[in-house]
Amino acid sequence: MATHLSREDFVRMDEKDILAGCRERFRLPEDIIYLDGNSLGAAPIAIMPTVARTIEQEWSRDLVRSWTAHGWIELPLDVGAAIARFVGARPEDVMVADSTTVNLFRLVCLALAIQKNRRVILVERDNFPADNYVAQGVAELLGGRVEIRAAAGDRLAADVDGDVALVLASQVDFRTGRMLDMSAVTRAVHEQGALILWDLSHSAGVVPIALEADDVDFAVGCGYKYLNGGPGAPSYLYVQRRWQDVARPPFFGWLGHASPFALEPQWQPAAGIRRMLGGTPPILSLVALKAALAAFDDVDLRAVRAKSLSLTSHFIDLVDERCARYGVRVVTPREDERRGSQVSVAFEHAYPAMQALIARGVIGDFRAPDLMRFGFAPLYVRYTDVWDVVAILDEVLSSRAWDRPEFLRRQYVT
Ligand SMILES: *Cc1c(COP(=O)(O)O)cnc(C)c1O
C-alpha cells in the first residue's frame, strides 16, 4: 500500500503521541535510532540511582540484616507481582528467578509430572532454539518416557491429540514477529486434555496478554527485552493456581522449602508458587528489574499496544513503498491481530545490510539466514525514527553500501 506521507506527517504524529514523554525515562545516545529493544531493552534512568541506593544504604550499611530489613528475601515474589499486570495474571501467580532457559526446564518438568500418563511434548517447530533444546534435554533425561513432536505455529491447535502432555510455544515468533491467538490455541490444547506453556519473551510489555482469563497453565519470559531489566536480567514464570500445589518442581530449592530457615533435613514444598524458588536471588538484578518496570507505572498498556501497531504498520508501508524495488520483502504479518511489535525484512544480503545500517546509527539485528529485524519499543521509539530508518535503508540499498568487506565479515553475536 502506498503511503504518500512525508517526514512532516511523522513529526506531527510525535507531537500528538501521548507516550512521547516516556522516552525521557531512558538513557539513549543522541545519534542512535534503537530498534533492538526486543533483544536488549534500553536502560531506564531510574535503574542507576536505585541500584546505587541498594548498595550504599542497604548492603554497605545494613549488611546481612537487609534480607529482612529491606525485604530482599521477598523480592522474587514482589517483582513477580509487579510483572503480573503485563501478563494478565494474579500477583501471587508470578515469580522471578534465574534465566528463561532455567524456568523453561522447571515448567516442562512440572507439566510432565502432572501429566504422568502422556508421552509427547508438542513444540512449535520455529520457536527460539532455547525452548526446544530444553524440551530435548528433558526428553533425554527422562530416558525415553517422553518424545518430542514439532509443528508449525499455525498447526499447533490442529496437531495436538490425546498423546500430548504439553504444548510449548511462543506467543510472538522471534524471527517473523507473527503472533498466535493465545486464547484459541490454549482452548484447543485443553480440549485434548493437554497443558500449555507459553513463552512470552517477545510479547510482555508490548502486546496484551491475559493468562488468567485465557486459563493458561504455565508461562515464562525474559526480563531484559521489552521489560528493560538490563543484560541478563532475571526471568519470570507463571503457574496457574490449580497446578501450584499438585506437583513438585524438578529441583528442590532451599528457598522453595516450606520453612527454609528451620534447616530441616528433608525438603518440604512451600505453598503456592514459592515452591518453585531455587537458591539465593540476585538482589541487585532484581532491584534493577523492579526499577525498570516502574517506567510503565502510569502507562496504559492499551496505549502501548496502539502505538506499537501504528509504528509497525507505518514501517511496513514505508518499506513496501520505498524499498521493495531492491528485492526486500516484509515477512511480518500485516494483520494487526497477527503481529507483535517487530518487523522482519527478508533480503539476500541481510547481514551486511544490517551492518551498514548499524554503521549509520540504526541498531536492529540480523537473524539467520536472511532476516533484518527491527523491534519497536513504544516507550522510547518515535514516529520520526520510523521515517528516518526507512530513508537510511533506502540509501543503503540503492547505493549498495552494504557491499563492503567490513560489513560482510560475520561476528559471533549477530
Ligand atoms: C530471548 C529468548 C530466550 C532467552 O533465554 P535466556 O535463558 O534468557 O537466554 C528464550 N526463549 C525465547 C522465546 C526468547 O525469545
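This one's a predicted model, so the numbers in the text were calculated from it and none came from an experiment. All ligand and atom numbering here is 1-based and tracks the order in the structure.
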Protein N/O near ligand 1 N/O, under 3.5 Å, which pairs?
{"unit_1": "ligand 1", "atom_1": "7 (O)", "unit_2": "Thr100", "atom_2": "N", "d": "3.4"}
{"unit_1": "ligand 1", "atom_1": "7 (O)", "unit_2": "Thr101", "atom_2": "N", "d": "2.9"}
{"unit_1": "ligand 1", "atom_1": "7 (O)", "unit_2": "Thr101", "atom_2": "OG1", "d": "2.6"}
{"unit_1": "ligand 1", "atom_1": "8 (O)", "unit_2": "Tyr224", "atom_2": "OH", "d": "2.7"}
{"unit_1": "ligand 1", "atom_1": "11 (N)", "unit_2": "Asp131", "atom_2": "OD1", "d": "2.7"}
{"unit_1": "ligand 1", "atom_1": "11 (N)", "unit_2": "Asp199", "atom_2": "OD2", "d": "3.1"}
{"unit_1": "ligand 1", "atom_1": "15 (O)", "unit_2": "His202", "atom_2": "NE2", "d": "3.1"}
{"unit_1": "ligand 1", "atom_1": "15 (O)", "unit_2": "Lys225", "atom_2": "NZ", "d": "2.6"}

Qualifying salt bridge (Lys or Arg N to Asp or Glu O under 4.0 Å) pairs with a residue from residues 103-113, counting only residues at least two apart or across chains: Asp98-Arg106
Ring centres under 6.0 Å, that's the criterion: do Trp254 and Phe261 meet it? yes
Could you check whether Phe315 and Phe374 have their ring centres less than 6.0 Å apart? yes
Least distance between heavy atoms, Val87 atom then Ala204 atom: CG1-CB, 4.2 Å
Does NZ or CZ of Arg275 lie under 6.0 Å from the centre of the six-membered ring of Trp243, at an angle within 45° of the ring axis? no
Taking the ring of Phe86 and the ring of Phe296, is the distance between their centroids below 6.0 Å? yes
